[in-house]
Amino acid sequence: MDDSKRNKVTGKGIPLPGNDIDTDRVIPARFMKCVTFDGLGEFAFYDARFEEDGSEKDHPFNDPAFKEGSILIVNKNFGCGSSREHAPQALQKYGITGVIGESFAEIFNGNCTAMGIPAVKLSKSDIEILMDEVRNNPQTSLTIDLDTRKVITDSKEYDLDLPESYRNALKEGAWDTTAVLLANKDKIQKVSTRLPYIDNFTTC
Amino acid sequence: MGKNLFDKVWDLHKVDTLPSGQDQLFIGLHLIHEVTSPQAFQMLKERNLKVLYPNRTFATVDHIIPTASQSRPLQDNLAEDMMKAIEKNTADSDIKFFNLESGDQGIVHIIGPELGLTQPGMTIACGDSHTSTHGAFGSIGFGIGTSQIRDVLATQTLTLNRPKVRKIEINGELKPGVTAKDIILRIMQDLGVKGGIGYAYEYAGSTIRALSMEERMTICNMSIEGGARVGYVSPDETTYEYLKGKRYAPKGSEWDKALDYWKSIASDEDAKYDDVYTIDGTSIEPMVTWGINPGQALGISQKMPLLDELDPDDREVAEKAYAHMAFQEGSNIKGQKIDVAFIGSCTNGRLSDLQEAAKVVKGRHVSNNVRAFVVPGSMNVARQAEALGLPQIFEEAGFEWRQAGCSMCLAMNPDKLQGREISASSSNRNFIGRQGSPIGRTLLMSPAMVAAAALAGEVSDVRELGA
């Protein structure tokens, strides 16, 4: 199979409860002083994970039970705030390959999709059940199945929701959009010529 | 049934519907800065791609720039590396760069409008969520991630899901002491930080019509805080008047053609919306946030919410907020002590913001326990403020006057809260750790309210100062 296709993503879960977790919390701004995304993984949730003296706080990423986890389970409006792709990049570099939540901030969801990470929605009650299931058995295997629109665990199936365009892009391996967009070069040119402002920028 | 501006602009810029079902949208203006663009240029290089329309992209530096001294090399090696990267990338790709020597450097959302780059009926993209600011001109501004910056550089287009449009109609004359920042914080309080998910916000009504362009920018700037993807105001005489004579604005016969276009894309009187929300403008009072997101906002006379009164979703975040802020539920926001006062940012670092604050502090002095500073949003704002004597007014009152940059809004530069310090801030986010200290605290308010808090050393009602 083409390795860019994301029909199914499987792994163990990490429950991260809480609404409105913003991207400043996912990756604090001071760690964005970099010209590549490499190395961001160790700073994922840095201030939520560590005290100022470097000792560990109580956080799912520090919990040995979820050390092998690669699918993040969250609540409402995850990834709100800054548009920084550094946030999903930090998660991906940490080892996250999929996110399951009640809802996502739109730029965050778009950034995830553009990086080949499915960020899918379940109902509030399903998220509760799924978080409990993973807490009770951290070894449980989760599959985000975009073909059948299900999240499948050892004991249960949940109906997932994902904008159809994102589902298509991930399934077809077309989430890296540059080539798709560039294929329309002639149409791009055509639109640019019909826009009345396109040649209006005078030079100073 | 007529059309709203959003739908008109979207349809005009639509290149195609892609196999995924998303729309491909032409981007008229692309703004870049040093934090979110270097990785995108790297991706282009790896794919052997070139910037398709280099003359549609403009660059500045803002997030990492120290505001005490901008001299090179920057003391922070990582910041200096980022400076070098944007210098090289813009030079290699022939992109206009408003660097520190240009005299035009500043926060990306401040320089676009002040140079006349931002115009009605454009699509605008920038790797920063506050790109919604540009909607004040009747353009559609999208904050984007770095992979999308790569797409815009390589193709001048983006893939996007088309949002619905909610009209937020505000009518009536604002009470004295109430500003644009109070309007947007009131919208956040009413609709919450999740309320705008899936929507573009159109701000309309007599209150909005009466605002200056700078005030409209403040409101559109924070659309993203409510979860909306973009926010905008239909262009009108105020918009055209602002743009006239700006460096990159159309001139001569071009101006007349542009005006025809700008008028044509304004929302029709009978335009259709997916939703309408109405606010009585006369009911808005000076606002302050008490919690850890911009939706946790209060009128200055209101008390912080009781946990029992909140719905379960809001309760969990409110508990976290009370634990972080060390406030008691049900207490007054007025009278809470502050340590730091910050006036600046893309939300409130424009000339009128500084004038508003200067009016409050003139002839008075900052409280002994408060560290207060003013950061103009751009070199042009700084020059205009200097011509009006604002730095002297602030300095005599005990404020520090700094150089242009993002400063303590997100603290990617030396301006940071220390430890548990609590700040009165004219910026846009009160997220935990946002102002540089993981345990620091932020109260969002208007520049005039920050000024009042700086003088009193505690959250105050600016109206009681009689400024």
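Chain letters run A, B, ... following the sequence lines, proteins first, then strands; residues in each count from 1.
- The 12-atom threshold is exceeded at NZ of A:Lys156, counting heavy atoms of other residues, nucleotides or ligands nearer than 6.0 Å.
- One finds the CD atom of B:Gln156 at 11.5 Å from the CD atom of A:Gln189 (value rounded to the nearest 0.5 Å).
- Proximity to chain B (any heavy atom under 4.5 Å) is shown, for A:Pro28, by neither the backbone nor the side chain.
- Within 6.0 Å of the NZ atom in A:Lys57, the count of heavy atoms belonging to other residues, nucleotides or ligands exceeds 12.
- In plain terms, the two heavy atoms of A:Arg194 and B:Lys14 that are nearest each other are NH2-O, 3.2 Å.
- Residue A:Phe104 touches chain B through its backbone alone, counting heavy-atom pairs closer than 4.5 Å.
- Side chains of A:Thr23 and B:Phe431 form no contact here, defined as non-hydrogen atoms less than 4.5 Å apart.
- In this structure, B:Lys45 places its NZ atom where only 12 or fewer heavy-atom neighbours from other residues, nucleotides or ligands lie under 6.0 Å away.
- Among A:Asp47, A:Asn19, A:Val191, the residue with the largest count of heavy-atom pairs under 4.5 Å with chain B is A:Asn19.
- For a residue to count as touching a neighbouring chain, one of its non-hydrogen atoms must lie under 4.5 Å from one of that chain's; by this rule B:Tyr53 touches chain A with the side chain only.
- When the candidates A:Arg167, A:Lys76, A:Glu164 are compared by the number of heavy-atom contacts under 4.5 Å with chain B, A:Lys76 comes out ahead.
- Under the 4.5 Å side-chain criterion, counting only non-hydrogen atoms from C-beta, B:Ile432 is not in contact with A:Asp24.
- Heavy atoms of B:Arg434 lying under 4.5 Å from chain A belong to its backbone as well as its side chain.
- Between A:Ser82 and B:Arg429 the shortest side-chain heavy-atom distance falls below 4.5 Å.
- Under the 3.5 Å distance criterion, with hydrogens and angles disregarded, a donor-acceptor pair is assigned to the side chains of A:Thr178 and B:Arg150.
- Annotation: the span from A:Thr177 atom OG1 to B:Leu18 atom CG amounts to 8.5 Å, rounded to 0.5 Å.
- When all heavy atoms are compared, the tightest approach of B:Gly127 to A:Ser83 is C-OG, 3.8 Å.
- By the 4.5 Å heavy-atom criterion applied to side chains, B:Lys257 and A:Tyr197 are not counted as neighbours.
- Looking at B:Ala85, only its side chain comes within 4.5 Å of chain A, counting heavy atoms on both sides.
- Between the side chain of B:Gln24 and the backbone N or O of A:Leu181 there is at least one donor-acceptor pair closer than 3.5 Å.
- For the atom pair B:Gln39 CD and A:Met32 CE, the distance stands at 9.5 Å (nearest 0.5 Å).
- With rounding to the nearest 0.5 angstrom, the CD1 atom of B:Ile197 is 4.5 Å from the OG atom of A:Ser103.
- Proximity to chain B is absent for every atom of A:Lys190, based on heavy atoms less than 4.5 angstrom apart.
- Both the backbone and the side chain of B:Val35 come within contact range of chain A, judged by heavy atoms closer than 4.5 Å.
- Summarising the geometry, atom CE belonging to B:Met82 is positioned 6.0 Å from atom SG belonging to A:Cys34; distances are rounded to the nearest 0.5 Å.
- Under the 4.5 Å side-chain criterion, counting only non-hydrogen atoms from C-beta, B:Leu49 is in contact with A:Leu182.
- The contact between A:Glu52 and chain B is made entirely by side chain atoms (from C-beta outward), counting heavy-atom distances below 4.5 Å.
- In this structure, the portion of B:Ile64 lying under 4.5 Å from any heavy atom of chain A is its side chain and not its backbone.
- Contact tally against chain A (heavy-atom pairs below 4.5 Å) for B:Thr131, B:Asp314, B:Leu78, B:Leu115: the top residue is B:Leu78.
- Across B:Gly198, B:Ala411, B:Ala154, B:Ala79, the residue that shares the most heavy-atom pairs under 4.5 angstrom with chain A is B:Gly198.
- Using a 4.5 Å cut-off between heavy atoms, B:Thr123 contacts chain A through both its backbone and its side chain.
- Proximity to chain B is absent for every atom of A:Ala174, based on heavy atoms less than 4.5 angstrom apart.
- With rounding to the nearest 0.5 angstrom, the CE atom of B:Met43 is 10.0 Å from the OG1 atom of A:Thr36.
- Within the 4.5 angstrom heavy-atom criterion, only side-chain atoms of B:Glu316, from C-beta onward, approach chain A.
- Residues B:Asn161 and A:Tyr166 meet the side-chain proximity criterion, which asks for heavy atoms closer than 4.5 Å.
- Residues B:Ser129 and A:Ile107 approach most closely at CB-CD1, 4.4 Å, considering heavy atoms.
- The part of B:Phe26 that comes within reach of chain A is its side chain, from C-beta onward, which places non-hydrogen atoms under 4.5 angstrom from that chain.
- Checking each of B:Thr155, B:Asp16, B:Thr157 against A:Asn184 for a side-chain hydrogen bond (donor to acceptor under 3.5 Å, both in side chains) leaves exactly one that passes, namely B:Asp16.
- Residue B:Ile439 touches chain A through its side chain alone, counting heavy-atom pairs closer than 4.5 Å.
- At a 4.5 Å heavy-atom cutoff, B:Asn428 makes no contact with chain A through either its backbone or its side chain.
- The part of B:Leu52 that comes within reach of chain A is its side chain, from C-beta onward, which places non-hydrogen atoms under 4.5 angstrom from that chain.
- Residues A:Ile198 and B:Arg56 have side chains in contact (heavy-atom distance under 4.5 Å, counting atoms from C-beta outward).
- Listed options B:Gly436, B:Gly21, B:Pro38 were ranked by heavy-atom pairs under 4.5 angstrom with chain A; first place goes to B:Pro38.
- The main-chain N or O of B:Gly145 is never found under 3.5 Å from a side-chain atom of A:Arg84 such that the two would form a donor-acceptor pair.
- For chain B, the nearby part of A:Asn111 is the side chain; its heavy atoms alone come within less than 4.5 Å.
- With respect to B:Arg47 and A:Asp176, a salt bridge is recorded, a charged nitrogen being found less than 4.0 Å from a carboxylate O.
- When the shell of 6.0 Å around CG of B:Asn48 is examined, it contains 12 or fewer heavy atoms from other residues, nucleotides or ligands.
- Side-chain atoms of A:Ser165 do not come within 3.5 Å of backbone N or O of B:Gln22 as any donor-acceptor pair.
- A donor-acceptor distance shorter than 3.5 angstrom exists from the side chain of A:Glu85 to the backbone of B:Ser147, with no hydrogens or angles considered.
- Under a cut-off of 6.0 angstrom, the local environment of CG in A:Asp58 is sparse, with at most 12 non-hydrogen atoms contributed by other residues, nucleotides or ligands.
- The two residues B:Pro19 and A:Asn168 have their closest heavy-atom pair at O-ND2, 4.1 Å.
- Side-chain atoms of A:Glu106 and B:Tyr199 include no donor-acceptor pair closer than 3.5 Å.
- Taking the side chain as every heavy atom from C-beta outward, A:Lys33 and B:Asp81 never approach each other to under 4.5 Å.
- At a 4.5 Å heavy-atom cutoff, the contact between B:His13 and chain A is made by backbone and side-chain atoms alike.
- When heavy atoms are compared at a cutoff of 4.5 Å, A:Leu195 approaches chain B solely by way of its side chain, counted from C-beta outward.
- Between B:Asp313 and A:Lys124 there is a salt bridge, since a side-chain N of the basic residue sits under 4.0 Å from a carboxylate O of the acidic one.
- Under a 3.5 Å cut-off, the side chain of A:Arg30 and the backbone N or O of B:Asn413 do not form any donor-acceptor pair.
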